[in-house]
Amino acid sequence: MSLLQFHSQLCDAMRKEGVEMGEEYRPGSWIPYCPVAEEVPKSRMAEAFTVLRDLKLPVTGYAMDIGLVEYSPVRELFSFMLGNTFEA
């Protein structure tokens, strides 16, 4: 929920600045996703499928922060901590 609330606040701030966004990025339409590989070269496609085949699903974990990056090359523009900030 923290991520979706942050997304809604970000969209409100952008709208107030006159920044238009596509319908697919608006609250209620946007679906968070986390790609793990993009633009895999054909020469490494078999290796990528081997990794996926051997992966035990579902993968469990947790998110600690979310960031906005620019690429290519990758450069972090912004980072936002999610949830509680206490140490376990």
Novice: How about Trp30 and Leu4: do any of their side-chain heavy atoms sit closer than 4.5 Å?
Specialist: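 Yes - at least one pair of side-chain heavy atoms lies under 4.5 Å apart.
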
Novice: Please report the shortest heavy-atom distance between Met21 and Arg26, naming the atom on each side.
Specialist: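 Scanning both residues completely, I find the closest heavy atoms to be O-NH2, 3.0 Å.
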
Novice: Quick one: do Phe49 and Val51 end up in the same hydrophobic cluster if we chain Ile, Leu, Val, Met, Phe, Trp and Tyr together by side-chain heavy atoms under 4.5 Å apart?
Specialist: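 Cluster IDs for Phe49 and Val51 differ.
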
Novice: Does atom CZ of Phe80 have more than 12 heavy-atom neighbours, drawn from other residues, nucleotides or ligands, at distances under 6.0 Å?
Specialist: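 Enclosed: over 12 neighbouring heavy atoms sit under 6.0 Å from CZ of Phe80.
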
Novice: Just how far is it from atom CG of Leu10 to atom CZ of Arg15, taken to the nearest 0.5 Å?
Specialist: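 The distance works out to 10.0 Å.
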
Novice: Hydrophobic clusters here meaning ILVMFWY residues chained together by side-chain heavy-atom distances under 4.5 Å, can you tell me if Leu52 and Met45 are in one?
Specialist: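 In one cluster: yes.
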
Novice: For Glu24, I'd like to know if atom CD has over 12 heavy atoms of other residues, nucleotides or ligands within 6.0 Å.
Specialist: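 Atom CD in Glu24 is crowded, with more than 12 foreign heavy atoms closer than 6.0 Å.
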
Novice: Say you draw a straight line from CG of Asp12 to NE2 of His7; how long is it, rounded to the nearest 0.5 Å?
Specialist: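 The NE2 atom of His7 is 10.0 Å from CG of Asp12, to the nearest 0.5 Å.
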
Novice: Can you name the closest pair of heavy atoms from Pro27 and Cys11 and give their distance?
Specialist: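 Of all heavy-atom pairs spanning Pro27 and Cys11, the closest is CD-SG, 3.8 Å.
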
